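Please read the structure below before turning to the comments.
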Amino acid sequence: MINLKKLISAALLSTLALTSFAQNGVSPSTNSPYTRYGFGQLTDQGFGSNKAMGGIGYGLRNGYHINAMNPASYSAVDSLTFIFDVGFSLQNANFKEKAYQSNVKNGRFDYVGMQFRLLKGLGMTIGYLPYSNVGYNFSTSKNITDKATDEVITSTSTYDGNGGLQQAFVGLGYNVLKNLSIGINTAYFYGTIDHTITNGFSNSNAYLSMKGHEITVRDLKFDLGLQYTQNINKNNKFTIGAIYGIGKKLNSKGINFNELEYYNSKGSLSVLSYSADTLKNCFEIPKTIGAGLTYIYKDKLTIGADFTLQKWGNALFFNKSGEFVDRKKISLGIEYLPNKIGRKYFKRIYYRAGAYYSQPYTKINGKEGTEEFGASIGLGLPLFLYNYKSFLNISGQYVHIKSKVSGMLEENYLRINIGLTFNERWFMKWKVD
């Protein structure tokens with residue numbers, strides 16, 4: 001057996017290092033101007049194996065991997081196992097608008113989780129997942145003429161945003177019947193998002209105006225899950241999975257502010273006016289409905305498909321409804337494991353691939369905003385030759401985002417996801433004759 005103290009120490013050091021990288025390395029974790037809208041860019045809710053399979057998870061049921069997308073899957077963990085899973089990603093983003101192009105590199109901490117069995121038929125998971133990311137900074141300029149002096153002045157608008165929403169969760173999954181499981185994730189949902197627009201002028205005596213808003217959330221979030229497995233025969237079975245995310249008004253605060261400043265020729269600053277409106281509990285998260293079907297052949301081949309609907313169209317944003325549109329996503333994934341107890345290393349590797357299409361929830365100029373396509377391919381590499389439960393999960397993703405509004409920015413991402421899954425029989429009792 002692997003030394004428990006050493007493995008826990010390594011896991012904690014990995015988590016601290018990855019967290020430090022995410023916070024102090026390349027920041028922010030996204031540079032997309034589209035994160036100006038709503039709560040920003042929604043993140044994948046899966047762990048390493050989910051990401052490699054196009055983001056599927058509602059019908060995945062495997063005691064060797066944590067599947068936070070459906071808490072009903074937690075009951076699959078066996079009584080001798082403790083799973084620790086941690087992951088991060090690196091990406092290169094390409095932004096293109098007409099003749100303009102730029103490339104930005106980012107890195108971020110993606111998830112961490114622990115899973116173990118509490119009682120017979122009852123599994124538990126504790127973890128962390130980001131919910132959304134906001135990160136952008138760009139400027140636009142135009143020339144205007146001062147009618148009093150006929151001076152041509154450059155007006156510059158700078159857009160800046162950062163922050164995001166996070167979730168630290170505890171989940172339970174229970175086998176109600178032999179083939180039927182239910183589950184719940186309870187998350188502490190929190191975060192702060194800032195958006196600012198600054199307008200300035202190039203002349204020596206200039207006014208500077210600033211406006212923006214701040215979003216702060218502190219609340220609980222609940223997601224329910226169900227899975228049913230049907231054995232067709234010895235070699236074939238399928239699992240149907242479903243989830244329901246409870247939509248609710250959030251314990252939150254929204255601040256809208258306006259500030260007008262004046263710079264004279266000597267560089268002296270005067271604040272001419274400042275106003276702010278503060279709203280309480282003015283945001284909602286939507287009801288989420290998801291369903292998936294997974295087919296398994298001989299515990300070697302897994303093929304699955306998921307569909308997700310998030311009812312953003314009814315969610316309040318600064319106490320206004322109709323600011324968003326319903327988000328739909330369809331995902332397809334496949335996984336192949338030649339022989340988990342084979343003598344050759346390459347036969348113990350998980351081979352994964354997937355793709356997805358989604359219509360995000362935000363609007364641009366009152367119309368549906370963007371559409372998104374992604375494809376992925378990955379490997380689950382055993383950390384040891386004769387241990388088929390601990391893995392280094394690596395996957396590559398390509399994501400293409402384009403606006404439905406003509407002439408706006410296109411985004412292309414190449415992303416590398418890296419995860420470590422430690423899965424050991426820590427609760428085994430050894431018998432000595």
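Source: prediction; values computed, not measured.
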Problem set entry | Distance-only donor-acceptor check, side chains Thr288 and Arg327, under 3.5 Å | no
For this session: Say whether, by atom type as modelled, one donor and one acceptor occur between the side chain of Thr35 and the main chain of Pro33 under 3.5 angstrom.
Result: no
For this session: Take atom CG of Asp277 as the centre, draw a 6.0 Å sphere, and report whether it contains more than 12 heavy atoms from other residues, nucleotides or ligands.
Result: no
For this session: Considering non-hydrogen atoms only, spot the tightest contact between Pro382 and Phe391 and give its length.
Result: N-CD2, 3.6 Å
Seminar exercise, completed: When every non-hydrogen atom of Gly292 is compared with those of Asp306, the smallest separation belongs to CA-OD1, 3.2 Å
Problem set entry | Side chain Thr362, main chain Tyr37, donor-acceptor under 3.5 Å | no
Problem set entry | Approximate separation, where rounding is to 0.5 Å, of Thr308 OG1 and Lys329 NZ | 6.5 Å
For this session: Would you mind checking if Glu335 and Arg352 are paired as a salt bridge, meaning a charged N to carboxylate O distance below 4.0 Å?
Result: yes
Exercise. Are side-chain N/O atoms of Glu372 and Gln359 paired as donor and acceptor at under 3.5 Å?
Worked result: no
Exercise. Strictly by modelled atom types, are Thr294 and Thr239 linked by a side-chain donor-acceptor pair under 3.5 Å?
Worked result: no
Exercise. Under the 3.5 angstrom rule, does the side chain of Ser75 hit a backbone N or O of Leu122 as a donor-acceptor pair?
Worked result: no
Exercise. Do Asp326 side-chain atoms and Gly313 backbone N/O form a donor-acceptor pair below 3.5 Å?
Worked result: yes
For this session: State whether the side chain of Arg218 and the backbone N or O of Lys253 hold a donor-acceptor pair below 3.5 Å, judged by distance alone.
Result: no
Problem set entry | Lys/Arg N to Asp/Glu carboxylate O, Lys221 vs Asp223, below 4.0 Å | yes
Problem set entry | Glu323 with Lys363: basic N within carboxylate O range, under 4.0 Å | no
Exercise. What orientation do Tyr111 and Phe47 show, parallel under 30°, tilted 30 to 60°, or perpendicular over 60°?
Worked result: parallel
Exercise. Counting only heavy atoms not in Tyr174, do more than 12 sit closer than 6.0 Å to its OH atom?
Worked result: no
Exercise. Do you know the tightest heavy-atom contact between Glu284 and Asn314?
Worked result: OE1-O, 3.5 Å
Exercise. Hey, what's the ring geometry for His400 with Tyr398, parallel, tilted or perpendicular (30° and 60° as the breaks)?
Worked result: parallel
Seminar exercise, completed: Exactly one of Ile126, Asn67, Thr125, Thr81 clears side-chain contact (heavy atoms from CB on, under 4.5 Å) with Gln115, and that residue is Thr125
Exercise. Salt bridge or not for Asp219 and Lys248, using N-O below 4.0 Å?
Worked result: yes
Exercise. Where is the tightest heavy-atom contact between Phe257 and Met210, given as atom of each residue plus distance?
Worked result: CE1-CG, 4.0 Å
Exercise. Given Arg36 and Ile364, is the side chain to side chain contact (heavy atoms under 4.5 Å, CB included) satisfied, shown in steps?
Worked result: CA-CA 10 Å; Arg36 288 177 57 197; Ile364 298 175; over 6 Å; no
Exercise. When the ring planes of Tyr350 and His65 are compared, do they come out parallel, tilted or perpendicular, using 30° and 60° as the limits?
Worked result: perpendicular
Exercise. Using 30° and 60° as the class limits, which term best fits the ring planes of Phe82 and Phe116: parallel, tilted or perpendicular?
Worked result: parallel
Exercise. Is there a donor-acceptor contact under 3.5 Å from the side chain of Asn92 to the main chain of Lys105?
Worked result: no
Problem set entry | Minimum heavy-atom distance Ser132-Ile193, with the two atoms named | OG-CD1, 4.4 Å
Exercise. So, for Asn417 and Ser89, which heavy atoms are closest and what is the spacing to 0.1 Å?
Worked result: OD1-CB, 3.3 Å
Exercise. Taking the side chain from Thr43 and the backbone from Pro130, do they hold a donor-acceptor pair closer than 3.5 Å?
Worked result: yes
Exercise. Donor-acceptor pair, Ser390 side chain versus Asn423 backbone, under 3.5 Å?
Worked result: yes
For this session: From the options Tyr361, Phe324, Trp312, select the one residue that forms a ring pair (Phe, Tyr, Trp, His ring centres under 6.0 Å) with Phe317.
Result: Phe324
